[in-house]
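Keep in mind that this is a model prediction, so the values were computed, not measured.
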Amino acid sequence: EQDMIIACRPTSKSVIEINHINPVLFPPIKLPLDPYHKFFEGDNKWLNFFLAAFKHIAQCKKPEMTGFQILIESVIPMEAGVSSSAAYSVCSTLVPLILYGLQDKYPRSEMVPKIIDYERSVGLACGGMDQTISVYAEKGAAKLIDFFPEPKQTTVFLPKNAALVISNSLSIVPKIATAGFRYNKRVVECRLALIGLSLKTKKIGSYKDLKYKNFWELQQDLECTLPQMAELVEKAFKPGEYSEKELEELLGGEILDMVKDIPNFEIVLSSNTHYKLYERAKHVFNEADRVLQFKEICETKDYEGDILGALGSLMNHSHYSCRDLYECSSPELEELTNFCRESGAYGSRLTGAGWGGCCISLIEKGKEEEFIKKIEEYYTKPRETSLWITDDLNTYLFATQPGRGACILDPKGCIWFQ
């Protein structure tokens with residue numbers, strides 16, 4: 001399994017000793033038991049995910065603190081769009097809860113929103129899907145995740161003849177380092193599009209009157225379907241970029257005032273002079289509609305037609321939209337997803353935030369080995385610049401099925417986190 005494990009034990013020392021199975025990349029470090037320890041800069045930034053969780057639990061739950069040791073081991077590809085940071089954040093949250101005997105006082109419904117906040121405090125304006133599925137995942141099932149009007153996870157079973165293969169394009173995704181003009185920028189663009197749609201539909205008279213936190217709330221107020229919302233986008237915005245001046249004229253105010261409550265908005269405004277609203281909003285509504293179509297097909301008994309073909313088509317169109325409208329693909333991902341389709345995948349799309357990392361492909365169960373053998377060519381064929389790979393190719397390319405989410409492993413047995 002591609003997973004992350006953090007082993008922990010209490011000590012009599014008043015320090016936190018952090019060790020990693022790969023001490024060359026992540027040297028051992030000792031931290032004081034300080035609930036107000038500042039976040040790190042530079043090479044030790046990776047510790048901030050752990051610090052964010054520890055600081056909140058220490059400050060808010062006020063346990064009787066003792067020192068402890070942890071050892072981190074992970075075979076989840078880093079910066080590859082497969083939730084390595086979410087896995088780290090979830091594990092980092094469970095460690096102090098377990099050591100200080102708080103796990104039974106911290107239900108999942110309370111824990112997940114906090115984990116999302118932890119990642120945001122580190123510098124990412126993340127949405128929360130990765131953290132939610134990392135906690136709520138069930139073995140053998142997918143999950144439809146809703147956040148509005150309240151968090152909800154619906155179990156969805158894939159067709160019995162479906163199999164999934166993960167392929168790593170080996171183009172890394174340094175989300176925090178590029179957040180200003182990639183990840184966090186999309187959050188700002190969607191906020192500006194939300195204001196524009198609210199003004200266009202006369203639901204507000206000024207951006208200062210914005211009463212919606214997200215597109216979903218506006219959609220509910222308008223009583224529109226997702227396709228109807230996509231049509232409104234086409235009427236409200238022009239395709240292509242808006243300059244800051246054009247946006248301020250369109251929306252009736254300064255961009256700073258419209259986005260200043262978004263985490264780390266400053267880095268976005270200082271890194272950009274132009275923004276896209278049409279493309280971002282259209283992707284959001286069409287993508288949400290594709291998700292619901294995917295769920296409906298999976299739940300249709302005695303589906304007439306090629307069910308894997310129908311699901312694969314939705315995955316392909318999802319990827320095309322990520323590439324063309326949300327603009328979060330990469331040349332390597334385009335090469336890899338195209339190669340996966342040519343090699344027999346019904347559908348192939350990027351995973352996670354995009355801009356590199358992995359793709360996921362839908363194939364027929366029983367053909368995993370044959371498919372993987374074909375995709376190995378991506379890693380071995382001659383190139384101007386060779387891909388940096390090790391002999392352990394199964395860390396880059398592997399078949400998978402939905403697995404169980406976060407749990408507590410005890411030396412005396414196994415306790416699933418509830």
Within 6.0 angstrom of [X] [atom1], more than 12 heavy atoms from elsewhere:
| X | atom1 | result |
| --- | --- | --- |
| D43 | CG | no |
| E376 | CD | yes |
| M129 | CE | no |
| H317 | NE2 | no |
| E110 | CD | yes |
| Q59 | CD | yes |

Any Lys/Arg nitrogen of [X] or [Y] sitting under 4.0 Å from an Asp/Glu carboxylate oxygen of the other?
| X | Y | answer |
| --- | --- | --- |
| R186 | E189 | yes |
| K208 | D257 | no |
| K143 | E138 | yes |

Exercise: do [X] and [Y] side chains pair donor with acceptor under 3.5 Å:
| X | Y | result |
| --- | --- | --- |
| S361 | S348 | yes |
| S318 | R290 | no |
| S329 | E334 | yes |

Self-check item: Ring-ring centroid check F49 Y88, cutoff 6.0 Å
Solution: yes
Quiz item: Under 3.5 Å, side chain of Y212 to main-chain N/O of Q219, donor-acceptor pair present?
Solution: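 No, Y212 side chain to Q219 backbone: no donor-acceptor pair under 3.5 Å.
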